[in-house]
Structure formats: C-alpha cells, structure tokens
Amino acid sequence: MQTLYDFMSPIARRAVRALAPLALVTLVALGTAVGVYATFRAPAQEHLNRAQAFYQAARQAQARQEASRRIQEQLAEFWAQLPVRKDFPELILAVSDMARKDRLAIPGMNYQFDEVEGDLALQASINFRVAGKYAAIRRFIHRLETASPYLLVEGLDATRQVGTRPASARTSSRTPSTHVVFNVRVVTFLKLELLQAAARA
C-alpha cells in the first residue's frame, strides 16, 4: 500500500527526514509543557483560592474590629454625658421651668427609680399632669423632647377639660373655656455616683 511518502520527490523526502527529529523534539516539548502546566496549575489555583479566602476573612475581621471600636467609642461618649442621680432634682426643676415659660400649670409630680439590668444605672420615671391651652402644651412637649437626648417622653394621655370663664362686660352670662390636660410620663437614665467615683479613681 502506497503512502504519501511514496509520492514525494527525492528532495521532499530528504526534507521530511531532516525535519523528523525537529518535529519529534517539538512534540516532546509540547507534551512536557502540557504536563508541567497540568501538574502545577491545580496547586497554584488552590493556593490562590486559599489566599483570596484568607484576604476576605481578614477584611471582614478588620471591618468587625473597626465597627466594634466605633461602638465602644459611642458607648463611652454616651456614658460620659449621662447625668448622675444627685442631678435628678435639677431635672425636675428644669421640667417645671419649661412648663412655667409656656404658662402651664403642673399641680405636682411623682417619680420613681428602677434599677437597670447590670446595676450600672438607674431608670428614673417622672409622672405629672399639665393643664393649659393645646398650643402651649404642644410647645412644652416639644421642649421636653428636644431638651436632652437622655430625656424621653414615654407616655402622653390627653383629656379635654371644659370650664367657664367670665363673659364680656356686655353680657352677664359666662362663656365656656376649653383647656387640655395631659398626663405625661418622662423617663431618663442616671449614673450611680459610686460608679462615677470609681471611674475617676
């Protein structure tokens, strides 16, 4: 059976015989390159994957650490500005002064202290009634809400109080006067003096 080699001219046959070793070397080199690539690529890819996973884990840990540091700084700032229990009477006077500025009446106040879980602070609750015109009470409530970040208006209960006021000089009858009465509950948190003294020491 004749092959392509049998149909070649003598010059072509000599060229094929001369190039055969080079072709063999090329094939061996290609085979070696493929083998080396297959041998080293998988471990290198695995190493790269491990490095990327480690990098991502390190970034997440750093982000968590920075978030924790920011939270600790915010807590320290919050704790430093929190009032102490001995300042509580001043807070009650401040609430009364705010009501007086708006010409509102507060017949009386009662308060109580509750320990917060962890024994780090006290929750102080102030309950009182305030009576007057609705617009004035609204201004008063707004002042309470914006007076301090540690003073929270926790409860409001409004009722309408209808009374009478003197009529004008032209009439002898009395005209109705409508006022609003609010039951207000204000809550704040207080540091214990003992803990503050320990912090200074």
Side-chain angles (χ1 to χ4, degrees), residues 62-201:
Q62 183 181 11
R64 285 193 298 268
Q65 186 177 9
E66 290 178 358
S68 175
R69 181 181 54 80
R70 285 195 298 269
I71 291 172
Q72 289 176 354
E73 289 176 354
Q74 290 172 355
L75 284 175
E77 182 180 353
F78 171 83
W79 189 257
Q81 296 178 0
L82 202 64
V84 294
R85 180 171 178 170
K86 67 181 180 61
D87 296 333
F88 185 69
E90 296 177 10
L91 175 62
I92 292 179
L93 290 175
V95 172
S96 298
D97 288 341
M98 280 189 275
R100 199 165 26 252
K101 286 179 182 177
D102 288 314
R103 297 184 179 181
L104 298 172
I106 298 181
M109 294 184 178
N110 59 59
Y111 58 88
Q112 68 181 36
F113 298 106
D114 297 311
E115 291 186 1
V116 179
E117 184 178 355
D119 297 331
L120 295 177
L122 290 176
Q123 176 179 309
S125 304
I126 310 170
N127 297 286
F128 57 90
R129 291 175 57 125
V130 58
K133 293 182 179 179
Y134 175 75
I137 292 180
R138 187 176 62 182
R139 286 193 302 271
F140 170 67
I141 297 300
H142 177 71
R143 288 183 199 221
L144 280 178
E145 291 176 334
T146 57
S148 168
Y150 313 109
L151 192 65
L152 309 173
V153 178
E154 191 176 67
L156 284 174
D157 179 15
T159 58
R160 190 174 293 274
Q161 184 181 49
V162 179
T164 58
R165 64 183 178 190
S168 64
R170 298 177 188 174
T171 62
S172 59
S173 62
R174 300 172 70 85
T175 58
S177 172
T178 302
H179 285 266
V180 178
V181 177
F182 272 83
N183 297 313
V184 184
R185 176 181 170 84
V186 177
V187 174
T188 189
F189 293 92
L190 306 170
K191 281 188 295 192
L192 299 176
E193 291 86 342
L194 183 61
L195 290 176
Q196 187 188 36
R200 288 177 180 173

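Position 1 is the first residue of the sequence, and the numbers go up from there. Quick note: numbers below take in every heavy atom, side chains included, and nothing from hydrogens, waters or symmetry partners. Only a predicted model underlies this, so the values are computations on that prediction, with no experimental measurement involved.
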Smallest separation among heavy atoms of [X] and [Y], with atom names:
{"X": "Leu151", "Y": "Leu144", "result": "CD2-O, 3.8 Å"}
{"X": "Arg129", "Y": "Pro107", "result": "O-CD, 3.2 Å"}
{"X": "Gly132", "Y": "Leu104", "result": "CA-CD2, 3.7 Å"}
{"X": "Ile106", "Y": "Ala99", "result": "CD1-CB, 3.5 Å"}
{"X": "Arg85", "Y": "Leu122", "result": "NH1-CD1, 3.5 Å"}
{"X": "Phe128", "Y": "Gly108", "result": "CB-O, 3.4 Å"}

Between Phe88 and Ile126, is the side-chain contact (heavy atoms from CB on, under 4.5 Å) condition met? List the steps. CA-CA 10 Å; Phe88 185 69; Ile126 310 170; 3.7 Å; yes
Should we say atom OH of Tyr134 is surrounded by more than 12 heavy atoms from elsewhere, each under 6.0 Å from it?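 Count not over threshold, so no.
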Might you confirm whether atom CZ of Arg69 has over 12 heavy atoms from other residues, nucleotides or ligands at distances under 6.0 Å?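 Check passes, neighbour count above 12.
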[Y] and [X], any side-chain heavy atoms less than 4.5 Å apart:
{"X": "Ser96", "Y": "Met109", "answer": "yes"}
{"X": "Val95", "Y": "Val186", "answer": "no"}
{"X": "Asn183", "Y": "Asn127", "answer": "no"}
{"X": "Leu152", "Y": "Thr188", "answer": "no"}

Supply the atom-to-atom distance [X] [atom1] to [Y] [atom2], rounded to the nearest 0.5 angstrom.
{"X": "Leu93", "Y": "Met98", "atom1": "CG", "atom2": "CE", "result": "11.0 Å"}
{"X": "Arg139", "Y": "Ile141", "atom1": "CZ", "atom2": "CD1", "result": "12.0 Å"}
{"X": "Arg138", "Y": "Lys133", "atom1": "CZ", "atom2": "NZ", "result": "13.5 Å"}
{"X": "Gln62", "Y": "Arg64", "atom1": "CD", "atom2": "CZ", "result": "11.0 Å"}

What about the rings of Phe140 and Phe182, do their centers lie closer together than 6.0 Å?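 No.
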Quick one: side chain to side chain donor-acceptor pair (under 3.5 Å) partners of Gln65, sequence neighbours excluded?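 In terms of side chain to side chain donor-acceptor pair (under 3.5 Å), with neighbours along the sequence ignored, Gln65 is linked to no residue.
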